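Here's the structure, in structure tokens; my notes come after.
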Amino acid sequence: MFEKLPKRVTITEVGPRDGLQNEPEWVPTEVKAEFIRRLAATGLNKIEITSFVHPKWIPPLADCAEIGKRFSHMDDVETTALVPNMKGLEGATAAGIQEAAVFMSASETHNKKNINKSIDETLTQFAELIPEIKRRGMRAQAAISTAFGCPYEGEVDPDRVVSIARELLDYGADGISLGDTVGVGNPLQVKRLLERLLELLDAERVTMHFHDTQGTAVANAVASLEMGITRFDGAVGGLGGCPYAPGASGNVPTENLVYTFHGMGVETGIDLEKLLDVGAFIQEQLGHPLPSNGLKAYLGRKSHAESAAQPAS
Ligand code: HMG
Ligand code: MG
């Protein structure tokens with residue numbers, strides 16, 4: 001066990017997208033901008049900055065054009081954004097986004113509720129959309145949600161996930177992301193699904209996107225690491241959730257991934273302390289506690305150190 005771990009992994013911070021898409025109150029564009037700037041200064045190599053979706057469906061990201069334009073090109077940070085269709089691709093192209101991430105679900109009900117199409121209709125659409133993304137010189141990432149379970153249908157057949165992945169690769173997707181949208185997967189399930197998926201593509205092209213509803217997200221990431229996976233999504237503070245996935249909680253906190261990976265000798269390039277400070281920043285701006293236990297522990301330590309440094313009165 002743990003004998004052949006990758007030496008280095010890439011974590012994509014999805015807080016500005018998956019995190020903020022779920023916030024009940026409007027987060028001002030300037031706060032989003034400062035959040036992204038601070039994230040970019042932690043050593044992260046990739047940030048999902050927004051989503052070119054309909055503002056009626058996802059009101060918190062209605063400023064996608066502005067955020068996209070301001071942050072599509074940052075030093076040393078690759079940018080990605082969700083793109084559901086041709087209209088979204090026009091927005092992402094105008095903003096200069098480097099990677100367009102198309103997304104669909106492995107379960108029919110979630111797909112319909114999330115993007116208003118059946119799985120077959122979505123695949124038909126992506127058969128044109130993915131080649132068009134490539135023609136425009138962008139990287140095409142393809143995310144499969146509800147890969148480990150659906151909030152409406154329960155269990156999801158791994159055959160379904162693998163056959164969708166095969167189609168998306170046939171259309172030209174550069175990478176596949178497997179999403180545990182509702183955070184119900186376990187490490188054995190991860191291992192079994194990855195064994196199947198890795199028959200289709202190399203581990204370097206696979207990203208794992210875990211939510212932490214059942215507290216299994218870091219264990220699932222470690223199981224993925226053992227399978228040779230080197231790309232993970234995380235959201236600082238454990239921000240996040242899908243408005244069309246009732247009962248799901250936030251993403252795996254990026255700081256929990258970084259802490260675990262570094263402790264196991266796997267490099268991320270991320271400065272954990274700086275990242276935790278960004279978690280403290282966004283928590284303060286949002287005005288409600290974030291779920292991350294890593295962030296809670298950090299803030300507890302900090303406030304203890306500050307009160308110990310106060311002169312006795
Ligand atoms: P629709 O209503 O079926 O779209 O929505 P339509 O093609 O019928 O068009 C209707 C109107 O929407 C038209 O405007 C279009 O121009 C406009 P009108 O002519 O009526 O004025 N429109 C758009 N406007 C802006 N941006 C667009 C766009 N497309 C059409 N891209 C649509 C279909 C996909 C747009 C809608 O369902 C939608 O925006 N859904 C958002 C879903 C979403 O963002 N969910 C959360 C992210 S997924 C997630 O969190 C999971 C993930 O994290 C992985 C995991 O956790 O597993 C990725
Ligand atoms: Mg998600």
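In listed order, ligands and their atoms are each counted from 1. It should be emphasised that the depicted structure is a prediction, and the values quoted were computed from it without experimental measurement.
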How is the N/O/S atom of D18 that comes nearest to the Mg ion (ligand 2) named?
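It is OD2 of D18.
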Name, closest N/O/S atom of H211 to the Mg ion (ligand 2)
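Atom name returned: NE2.
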Within 45° cone of F52 ring axis and under 6.0 Å: K87 NZ or CZ
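Geometry flag: not set, cation outside 6.0 Å or 45°.
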Cation-pi, W26 ring and K32 (6.0 angstrom, 45 degrees)
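Yes, K32 sits over the ring of W26.
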E153 side chain to T109 main-chain N or O, any donor-acceptor pair under 3.5 Å?
yes
Report yes or no: does N45 contribute a side-chain atom to a donor-acceptor pair with the main-chain N or O of T12 at less than 3.5 Å?
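Side chain of N45 to backbone of T12, a donor-acceptor pair under 3.5 Å: no, none is there.
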Look at D174 together with K134 and state whether they make a salt bridge at an N to O cut-off of under 4.0 Å.
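A salt bridge links D174 with K134.
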Is the CD atom of E121 crowded by more than 12 outside heavy atoms at less than 6.0 Å?
yes
Any idea which residues sit under 4.0 Å from ligand 1, heavy-atom distances?
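Its neighbours under 4.0 Å (heavy atoms only) are R17, D18, Q21, F52, V53, H54, W57, I58, L82, P84, N85, K87, G88, F103, N114, I115, N116, S145, G179, T181, H209, H211, C242, given by chain and number.
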Do the non-hydrogen side-chain atoms of K302 and L276 ever get within less than 4.5 Å of each other?
no
